[in-house]
Amino acid sequence: MEIKNKEITSRDEDFAQWYTDVCKKAELMDYSEVKGFIIYRPYGYAIWEEIQNYLNKEFKKTGHENVYLPLVINESLFNKEKEHVEGFAPETLIATIGGKEELQDRLIIRPTSECLFTNHFSHIIKSYRDLPKLYNQWCSVVRREKTTRPFLRGSEFLWQEGHTMHATPVEAKEETLRMLDIYDKMGRDLLAIPFVKGRKTEKEKFAGAEETYSIEALMHDGKALQSGTTHYFGDGFSKAFGVQYLDKDGALKYPYQTSWGVSTRLIGSIIMVHGDDNGLVLPPYVAPIQVVIIPIQMNKEGVLKKCREIKELLENNGVRVKLDDSDKTPGWKFSEYEMKGIPLRIEIGPKDIEKNHLVIVHRVDRTKEFVEIDDNLVNKIKLEFKEIHEKMYKKALAQLLDSVTEIHSLDELEAALNKGGYAKMMWCGDVDCENKIKELYQATARCIPFDQIPFDDVCPVCGKKAKYVVLFARAY
RNA sequence: CGGGGCGUAGCGUAGCUUGGUAUCGCGUCAGUUUUGGGAACUGAAGGCCGCUGGUUCAAAUCCAGUCGCCCCGACCA
């Protein structure tokens, strides 16, 4: 039975419009009066809270502490690291007036907090005993963007930014990769999104970083989305901000630094990886509501009572449940909660009560089954979550693997990019070739993946000797 | 920042060419009947027609300015 949602544009018809429809209709966000600044509605914010819960546990397991630093950076401080300033200056929002006075040192609303952290570190790191410093901050940052889209690119977005200081480059580099692994694991265990891990090219790396790594996700329309980054800074910021400590050997030394972050852009990834023509599809472990119970003929004797009983049972066992006992029709509720992507639906009507079972339906593929109400019910529901999660991950992984095309010439590159997904090619490492591809095909180097298995000798752009396997794609 | 489009009720819109006090649908509220894939009927509330100024007896409509949003490019998590 094909049942199609009438309020959401289909993905094939207009993917951009589909995306906007889902954001609005699933009540994740609303537009505000100011371009690029969105309202995170309770349901959208709750997804972010699940991500926070997951990451806070992982961060704390690995010894990180949460802190909070100011919203604003005085301009003179911001200007200390040259590359960093050049990278961010074009998109900063600056406060110039306080009350009625014009400010002497203007206040930059943080686009990222490397300057603030490094400056603070210079005050608190004096001895090798103060290292490592492993800090994380949950906050929002502001970057003036020309083109904005909900969750994908906004003038303000919510994120976490980790900032750490280490005694040695080796230790700092390990941290950079450790955090990338945590992000990757989050994709596998929480978001059901397979990421491609890799290193950014010189052209694509973060302003001021020596090395940038990223996790890249593939959207349903074949475009890539950078979903998280980690950076190794060497001692560049340390030197610029004068962070020095006295080591065991009595020498003054500069510590080595990292930073890493994921943002509410992850919500965009979830939408565009898993969503379908009926709306959002949420993986169970990140879903703010995991189960929605819909009573059928709820004025009939015992229906609501049974619904409440099941709700309480699941809730007491740590399942996030909503019972919709509003007077909307069941059909309306089915559509509504599919639009909102709730992974598992339970229907309870007079017929079910008679037979002592529940009807359960998976959002991802609408598979429907009857589950007997017995002492093992909670475990059965939890197994359903596992099954749904695995289904969603496998589906996304198949799509990702299917999208990778090995290419050996510019023609093949163009064809692969037009098809969508990743074009895997050998590359000489020269930025000119990156620029040429950008210009010709509007695609960028997403990353130099960790899996480096060469399959050709020359760069198809310039014909010179190839150094790396690299993935190109059109990206958000 | 270039090119295009659009601002009328919470949302989507008609009206604008040819000035005369705003149309329709969805939603909202109340009531009754309904309920296994977006229910039906009856009644009701809701508008500085983006903003400012001008023309006019009279402006959603004409003129000027201004603000904002959306789409496509260049820049970016």
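None of these values were measured; they are calculated from a predicted model. A note on names: the letters A, B, ... follow the listed sequences, proteins ahead of strands, and every chain is numbered from 1.
- Using a 4.0 Å heavy-atom distance criterion, A/V141 is classed as making no nucleic acid contact.
- On the P atoms, B/A74 is 16 Å away from B/G3, given to the nearest whole Å.
- Among the atoms of the strands shown, none is found under 4.0 Å from any heavy atom of A/G261.
- A/K368 has no side-chain polar atom (N or O) that falls below the 4.0 Å cut-off from OP1 or OP2 of B/G36.
- Comparing B/G15 with B/U23, their C1' atoms sit 7 Å apart, to the nearest whole Å.
- Spacing between B/G46 and B/G53 at atom P, rounded to whole Å, works out to 27 Å.
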May I have the step-by-step check of side-chain contact (heavy atoms from CB on, under 4.5 Å) for A/W260 and A/T229, ending in yes or no?
CA-CA 6 Å; A/W260 27 273; A/T229 48; over 6 Å; no

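- Heavy-atom nearest nucleotides on RNA chain B were determined for A/Y476 and for A/T329, and the one closer to the 5' end corresponds to A/T329.
- Rounded to the nearest Å, the gap between the P atom of B/C24 and that of B/A14 is 15 Å.
- Spacing of P atoms, B/G47 relative to B/C51, comes out at 14 Å, to the nearest Å.
- A/F157 does not carry A/R265 over the face of its six-membered ring by the limits of under 6.0 Å from the centre and within 45° of the normal.
- Taking atom P in both B/C29 and B/G10, the straight-line distance is 15 Å, to the nearest Å.
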